[in-house]
Amino acid sequence: MATMRVAAAPEVSPMKVAQISKPGGDFEIVEREIPDPAAGQVRIKVQACGVCHSDVLTKQGLWPGIQYPRVPGHEVAGVIDALGAGVSAWKPGQRVGVGWHGGHDNTCRSCRRGDFKNCENFKIPGITFDGGYQQYMVAPVEALAPIPDTLSDVEAAPLLCAGITTYNSLRHSGALPGDVVAIQGVGGLGHLGIQFANKFGYKVVAIGRGPENAALATKLGASAYIDSAATSAAEGLQKLGGAKVILATAPSSKAMSALIDGLGPNGKLIVIGAAFDPIEVTPIQLISGSRSIQGWAAGTAADSEDTLRFAELSGVRPMVETFPLERAGEAFARMMSGEAQFRVVIKM
Ligand SMILES: [Zn+2]
Ligand SMILES: [Zn+2]
């Protein structure tokens, strides 16, 4: 009698994730079960995830109350591959992005006023729940932005934090076409900020340390470049009439403090480079010329959608270096070195 062979049930193959298991710990590549989406969530097959400076909050345990192990990553581009209960507005196969805004509760006072960005129970991918340094992640529907067909996953990923933060802060800055807008830092944030500012019709002044990024800044749309290592950027901006807006992207409070005198009347320093030490400013500096300083965090998923559509429309694109998931630790170190040209992206 012939031997009967019974086909084994197909094995559910686990997925690979790059996790941090304690504050200051190294990246560990481990296998986990592919997660199922709960009600109001989708599962995303991750195609690319940007490596952002804020991932240091997860790596070093700098976010109050963060739980470990944790998978970082809040610049996620992928494809919906399963829907949780009650999800009707999204479909499997749809390309979506998830950024810094990982969801809101819809019930707190900020949410009741429509100010979802400042939700009291705001969630952040890679901090509050596992982010995009893994093959599959789950995310609530409030965090999803559709990705236009003409943007690749690797192009879309950095636009979901670095892109939205520069685009959204500039479009709400009050600067009008023709105004002098300075972008401090020609790096991961700054190289996108210069492009957006140019497409918004501003007179763009790029500020970098050293002469090496001058040609690139011009190519990206700056009409002037100030080398702040060789000359006073504040004086340079005053020669141009003073800046309506200075977008401070490099996480150096000292460099930001030195720029305040470059603001024109009613000028505003917008802070998006996240540093922990204080910016120094005297009341007199702010009172004379009615100048202000404002911080800005990314924006909602709807703002992400606007960012991606505007990038599609205008041709704004990030410059990236890619690494495979298995080399997440190296990708993070490359980003932290400040040498990357300009955003680091993990490509699955
Ligand atoms: Zn970020
Ligand atoms: Zn809320």
Side-chain angles (χ1 to χ4, degrees), residues 18 20 40 46 48-60 62-63 66 70-77 97-133 137 139-143 145 154-170 185 187-193 196 247-251 270-276 295-304 307-308 311 318-321 328 331-332 334-336 338 340 342-346:
I20 298 292
V46 178
C49 183
V51 177
C52 179
H53 189 265
S54 298
D55 294 341
V56 75
L57 300 171
T58 304
K59 175 81 165 59
Q60 301 299 345
L62 302 175
W63 193 269
I66 186 168
R70 183 58 76 221
V71 177
H74 58 266
E75 289 188 343
V76 188
V98 177
W100 180 254
H101 188 95
H104 49 268
D105 62 7
N106 279 310
T107 56
C108 75
R109 283 198 303 173
S110 290
C111 284
R112 280 155 54 81
R113 294 185 176 118
D115 184 12
F116 305 118
K117 186 157 93 79
N118 291 313
C119 175
E120 289 166 23
N121 295 301
F122 176 68
K123 294 192 182 74
I124 306 165
I127 294 179
T128 331
F129 60 93
D130 286 332
Y133 288 32
M137 74 176 275
V141 290
E142 314 92 71
V154 166
E155 288 170 334
L159 294 172
L160 292 154
C161 182
I164 180 183
T165 303
T166 50
Y167 168 84
N168 211 26
S169 58
L170 285 171
L189 287 162
H191 88 290
L192 289 165
F196 283 124
L247 186 65
T249 76
I270 301 180
V271 177
I272 60 173
F276 288 90
W296 191 277
T300 64
D303 295 317
S304 286
T307 307
L308 294 169
M319 295 167 68
V320 302
E321 295 179 3
F332 181 81
R334 177 72 178 156
M335 177 280 298
M336 288 301 284
F342 283 95
R343 291 302 278 190
V344 174
V345 177
I346 293 172

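Only heavy atoms go into these numbers, but all of them, side chains included; no hydrogens, no water, no symmetry mates. Just so you know, ligand 1 is whichever comes first in the structure, and atom 1 is the first atom listed for that ligand.
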Worked verdict on His74 versus Asp55 for side chain to side chain donor-acceptor pair (under 3.5 Å): CA-CA 8 Å; His74 58 266; Asp55 294 341; 3.3 Å; yes
Stepwise side-chain contact (heavy atoms from CB on, under 4.5 Å) test for Arg343 and Glu321: CA-CA 6 Å; Arg343 291 302 278 190; Glu321 295 179 3; over 6 Å; no
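Looking at His74, its N, O or S atom nearest to the Zn ion (ligand 1) turns out to be NE2.
Metal site remark for the Zn ion (ligand 2): Asp105 contributes an N, O or S atom at a distance under 2.8 Å. At least one N/O/S atom of Cys161, whether from backbone or side chain, sits less than 2.8 Å from the Zn ion (ligand 1).
Considering Val98, Leu160, Val71, Asp130 as possible partners of Pro125, the one that fulfils the side chain to side chain contact (heavy atoms under 4.5 Å, CB included) test is Val98.
For the pair SG of Cys111 and SG of Cys119, the angle whose vertex sits at the Zn ion (ligand 2) is 110° to 10 degrees.
Cation-pi geometry between Lys117 and Trp296 is met: under 6.0 angstrom from the ring centre, within 45 degrees of the axis.
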